[in-house]
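Below is one structure; the comments refer to it alone.
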Amino acid sequence: MTLANQVVYFSEKEQTFDSIILYMDLDAFFASVEIRENPDLADKPLVVGGNPKTKQGVVSTCNYKARKYGIHSGMPISQALRLCPHLTMVRGSYKLYSDVSKSIMNIVKHYSPTMKVAGNDEAYLDLTEIVSDYEEARRLAVELKDDIFATEHLTCSIGIAPTKILAKIASETDKPDGLVVVKPLDITEFMEPLKITIIPGVGKKSAESFSKKKIYTCGDLAKLPYQLVYQKFGKYGLKTWKLVNGFNTENTENKFVSNERKSISEEKTFFNRHQKWEDIWVQIDSSIDTIIARMRVKNMSFKTITLKIRFKNFETYTRAHSLSSYNISEKLVRTVVQKLLEEFENKKPEDIRLVGIKISNLRKIDNNQKTLTQFF
DNA sequence: TCTGGGGTCCTAGGACCC
DNA sequence: TCTGGGGTCCTAGGACCC
C-alpha cells in the first residue's frame with residue numbers, strides 16, 4: 001500500500017482533555033528502604049541486587065549517590081563496580097519492600113477511590129472527580145507527599161497532568177522528591193525540550209532509530225509532518241507523534257480498569273554451571289509447582305505452556321504449546337514441557353544458562369459453574 | 001563488559017475457516 | 001495455470017518496563 005492510500009485517523013476525543021491524573025513514583029524505592037533501615041548507608045553509593053560475593057547479577061535499584069557514577073537499574077554488577085569500586089552492595093529484603101509498598105498504597109488509596117497500582121513503587125490516581133482544578137490537585141499532592149513521609153519516611157516524585165502518560169512523564173522531570181504539574185494548554189511547550197527517551201516505551205532501540213532521522217528531543221519529532229513519521233516509524237511512531245504534539249492518546253473510558261493477569265512464569269539462571277539434566281529437571285519441577293500454586297490462588301486455568309531455554313552464549317529459545325481446552329493440571333504441564341524439551345536433548349546440560357516455564361492464555365474459573373456441576 | 005526476574009505488548013508468518 | 005479476502009488462533013522473537 002502506498003502512503004497516499006493510508007488513512008490516518010484523528011478522532012475528536014484526541015483533541016480534548018477532561019481528566020486530572022496524578023502519578024506517584026517512590027524515589028529509588030528499594031535503596032531508600034535499605035537506607036531507612038540502616039542510616040549509615042545514606043552517604044554511600046548503594047546498589048540493591050546481584051550477589052555481593054560472586055559479583056554476578058544486575059543492579060535492581062541504586063540510590064542517587066550511585067547514579068552519579070553512571071550506575072543504573074539493569075546494569076551488570078561487575079560494570080557498576082568498575083564505575084565505582086567502593087560501591088556498597090546489598091542483596092535486598094524483598095518481603096520488607098513489599099510490606100512497605102502495601103502500607104504506602106493504602107495511604108495513596110485515601111486520596112481517590114479510582115486508583116491503579118503499577119508495580120511496587122508507583123500508582124496512578126484519578127483526581128477528576130476529587131478536585132476542581134490543577135491548583136487544588138497540587139495542594140492534594142503536597143499533602144500526599146507529607147503523608148507518605150510522615151508514615152514511612154520515604155520520599156516520592158509526583159506528576160499531575162490530563163493523562164496517565166503525561167503525568168508519568170511530568171514526574172520524571174523532577175526527581176527525587178519532585179512535584180510537576182502540566183496543564184492541557186502547556187503540554188507542547190512542556191514536552192518540546194525533553195529527550196525523546198523520556199517517553200515510556202522509547203528505549204534504546206527506538207532512540208537509535210529516531211537518532212538516524214536526527215530526532216533527539218520530543219520537539220524534534222513534533223516538528224515533522226505526521227505522514228513522514230507514519231511512513232518511517234509506523235503505528236507506534238504516529239502515536240508518539242500525537243503525544244508530543246499535545247493530542248490525547250489515551251482511551252478515557254477504561255483508563256483505570258484493572259487488567260486481568262495474562263501470564264504466570266518463573267525462570268532461573270544457573271550460576272555455577274555444572275548442572276546435569278537431573279538438576280535442570282529439579283528446577284523445572286520446582287518452577288511448575290510454584291506457578292501452579294500461584295494459579296490456584298488466583299482461581300485460574302491455562303491453555304498455553306511455554307518453555308524458555310537460554311544457553312551460555314545467551315542464545316535464547318522459547319517453545320510453546322497450546323492445549324485444546326483450559327486446564328489446571330500440573331502433570332499436564334510437566335508432560336508438555338518434557339515434549340518441548342526433547343528438541344534440546346542433544347545439547348550439553350552444562351551449556352544451559354537459564355530455564356523458564358510460563359503458563360498463559362489464562363482464564364478465571366467460574367465459581368458458579370463449579371457449583372452447578374456439583375449438582376448435575 | 002557481561003548480561004536477574006516477572007511481566008506486557010507488538011510484529012510477522014502460517015494454518016485454517018468461511 | 002493461477003490462485004480473494006477477512007478473521008482468528010497459534011508460535012517465535014524482540015523491545016520495553018519496573
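- Taking the centre and axis of the six-membered ring of Phe311(A), the NZ or CZ atom of Arg353(A) falls outside the cone set by 45° and 6.0 Å.
- Rounded to whole Å, the separation between the C1' atoms of dC18(C) and dT1(B) comes to 23 Å.
- Each of Gln79(A) and Val58(A) lies near DNA chain B, and the nucleotide nearest Gln79(A) is the one positioned closer to the 5' end.
- Side-chain N/O atoms of Tyr23(A) and Lys168(A) include a donor and acceptor closer than 3.5 Å.
- Within the 4.0 angstrom heavy-atom criterion, only backbone atoms of the sugar-phosphate kind lie near Lys303(A); the bases stay farther away.
- In this structure, Lys168(A) reaches the sugar-phosphate backbone alone: every heavy-atom distance under 4.0 Å involves primed, P, OP1 or OP2 atoms, never a base.
- Counting heavy atoms from C-beta on, the side chains of Leu140(A) and Tyr111(A) come closer than 4.5 Å.
- Note on Ile77(A): nothing from the nucleic acid sits closer than 4.0 angstrom, heavy atoms only.
- Using a 4.0 Å heavy-atom criterion, one finds that Asn313(A) contacts no nucleic acid atom at all.
- Each of Ser263(A) and Met75(A) lies near DNA chain B, and the nucleotide nearest Met75(A) is the one positioned closer to the 5' end.
- Backbone-only engagement by Tyr317(A) is indicated by non-hydrogen atom pairs under 4.0 Å involving sugar-phosphate atoms exclusively.
- Look at the P atom in both dC16(B) and dC2(C): the space between them is 26 Å, to the nearest Å.
- A nucleotide of DNA chain C counts as in contact with chain A when one of its atoms lies under 4.0 Å from a heavy atom; the first and last such, 5' to 3', are dC10(C) to dC18(C).
- As the counterpart of dC9(C), dG14(B) is assigned, both hydrogen-bonding distances of the Watson-Crick or G-U wobble pattern falling under 3.5 Å.
- Contact annotation for Ser206(A): backbone-only contact, meaning every heavy-atom pair under 4.0 Å involves sugar-phosphate atoms and none involves a base.
- Nucleic acid contact for Gly119(A): none, since no nucleic acid atom lies under 4.0 Å from a heavy atom of the residue.
- For Met191(A) against Leu166(A), the heavy-atom pair with the smallest separation is SD-CD2, 3.9 Å.
- Across all strands, Arg91(A) comes closer than 4.0 Å to no nucleic acid atom at all (heavy-atom distances).
- Taking the centre and axis of the six-membered ring of Phe256(A), the NZ or CZ atom of Lys116(A) falls outside the cone set by 45° and 6.0 Å.
- Each of Thr316(A), Thr269(A), Thr318(A) was compared with Arg310(A) under the side chain to side chain donor-acceptor pair (under 3.5 Å) criterion, and only Thr316(A) meets it.
- Side chain of Thr240(A) to main chain of Tyr236(A): a donor-acceptor pair is present (N/O by atom type, distance under 3.5 Å, no hydrogens or angles).
- Within 4.0 Å of Asp121(A), counting heavy atoms only, lie sugar-phosphate atoms of the nucleic acid but no base atom.
- Gly49(A) comes within contact range of no nucleotide atom at all, as no heavy-atom separation falls under 4.0 Å.
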